[in-house]
Amino acid sequence: MRALAAMLLGLALACGAGRAHAERLVLSPSQADVRISSNFAGVELVLFGAIEGATPGSYDVAVTVRGPHETAVTWRKSRLLGLWINTDSRTFIDTPSYLAVATSRPAAEMAPAELLRREQIGLSRNIFIQRVGPDFADVVADDPFRAAFLRIKESEGLYEEQPQGVSFLSPSAFRATFALPGRARTGRYEVVAKLLRDGVLVAEARTAFEIRKAGFEARMAGFAENEGFLYGLAVVFAALSVGFGANVVFRRD
């Protein structure tokens, strides 16, 4: 019994020590509320992070930013009777409208491929659910529709991967910068940071920021949404006024 009690006491002390030295991530975006107007041309968001309970040694960090979800369609063009026309398509269900991944070094050097796929570290390792006939599933990474979808999003500046986008300011503090283009959608953006060491995930943290309209555009959008009937009358009246004014100005005697 004394031996069993000693063993249980040793396990309790070991677990307590493990908890005492467990790493924890703390995140803080430079802007928690991004307000945009009609002349919005994009914004640069900086994410600061700190590792609490860090021990001597090197860490790896992967940060992923995902925007509001949307449904997108990718088309395949084929040559028919001398013309290039859309002949086939693939629908992507609930995919991030914005997706950016920044890592402290190339992801393939940070952890085994299985862990990278499971934690969706990297653009190609994110899950993109597609409608394939009557089924819904993700497909292989080299699927032509999937590759075309990623290529289009990257060309629009909405998807981005930075293999060395996380820089350490000190052994326990880091930062990452993300460029949000002018065409970024309004809504809530989720930020997920993963801390790895020797190819093992040791901590994870989440935060968020929001992009929303401000100024006259925001007031008009709110009025149209909340007072639809009055907004419709105002639009009709404005159209009639413009037409009447143009007739007065340009009419001939």
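Fair warning: this is a prediction, and the values are worked out from it, not measured in the lab.
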Verify side chain to side chain contact (heavy atoms under 4.5 Å, CB included) between Gln130 and Ile93, making sure each step is shown before the conclusion.
CA-CA 6 Å; Gln130 306 172 42; Ile93 309 297; over 6 Å; no
To the nearest 0.5 Å, tell me how far [X] [atom1] sits from [Y] [atom2].
X	Y	atom1	atom2	value
Thr91	Ile129	OG1	CD1	13.0 Å
Gln120	Asn126	CD	CG	4.5 Å
Thr74	Ile152	OG1	CD1	5.0 Å
Ser97	Arg66	OG	CZ	12.0 Å
Glu119	Glu204	CD	CD	6.0 Å
Arg118	Ile127	CZ	CD1	12.0 Å

Partners passing ring pair (Phe, Tyr, Trp, His ring centres under 6.0 Å) against Phe145 (at least two apart in sequence or in another chain)
none
Answer yes or no: is there a side-chain heavy-atom contact under 4.5 Å between [X] and [Y]?
X	Y	value
Phe174	Leu169	no
His69	Pro96	yes
Val63	Thr103	no
Glu52	Glu23	no
Lys213	Arg35	no

Determine the minimum heavy-atom distance between [X] and [Y], stating which atoms define it.
X	Y	answer
Leu25	Ala203	CD1-O, 4.2 Å
Arg125	Ile121	NH1-O, 2.8 Å
Pro29	Leu47	N-CD1, 3.9 Å
Gly187	Pro68	CA-CG, 3.8 Å
Gln31	Phe209	O-CB, 3.4 Å
Ser30	Glu44	OG-O, 4.4 Å

Could you walk me through whether Ile51 and Leu195 pass the side chain to side chain contact (heavy atoms under 4.5 Å, CB included) check?
CA-CA 9 Å; Ile51 307 171; Leu195 180 68; 3.6 Å; yes
Would a distance-only check, ignoring hydrogens and angles, find a side-chain to backbone donor-acceptor pair under 3.5 Å from [X] to [Y]?
X	Y	result
Arg151	Ser155	no
Ser104	Val61	yes
Tyr59	Thr55	yes
Thr95	Phe92	no

Looking at [X] and [Y], does any basic side-chain N land under 4.0 Å from a carboxylate oxygen?
X	Y	result
Arg197	Asp60	no
Arg185	Glu210	no
Arg188	Glu190	no

Do [X] and [Y] sit in one hydrophobic cluster, given that two such residues count as connected whenever their side-chain heavy atoms are within less than 4.5 Å of each other, even indirectly?
X	Y	answer
Val202	Val166	yes
Ile211	Phe178	yes
Val26	Leu45	no
Val191	Tyr98	yes
Val34	Leu27	yes

Indicate whether the side chain of Arg175 and that of Thr177 have a donor and an acceptor atom separated by less than 3.5 Å.
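Note: Arg175 and Thr177 side chains meet the donor-acceptor criterion.
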Assign the ring pair Phe149 / Phe128 to parallel, tilted or perpendicular, where the plane angle (0 to 90°) is split at 30° and 60°.
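Perpendicular: the ring planes of Phe149 and Phe128 meet at over 60°.
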Derivation of the side chain to side chain contact (heavy atoms under 4.5 Å, CB included) call for Leu158 and Leu99
CA-CA 6 Å; Leu158 294 171; Leu99 177 61; over 6 Å; no
Check against salt bridge (Lys or Arg N to Asp or Glu O under 4.0 Å), Lys153 and Glu70
CA-CA 13 Å; Lys153 287 291 189 179; Glu70 64 181 5; 2.7 Å; yes
Only counting residues at least two apart or in another chain, list the ones meeting side chain to side chain contact (heavy atoms under 4.5 Å, CB included) with Ser28.
none
After noting the C-alpha distance and the side-chain angles of Thr186 and Ile36, does the key distance pass the side chain to side chain contact (heavy atoms under 4.5 Å, CB included) rule?
CA-CA 9 Å; Thr186 57; Ile36 64 175; 3.7 Å; yes
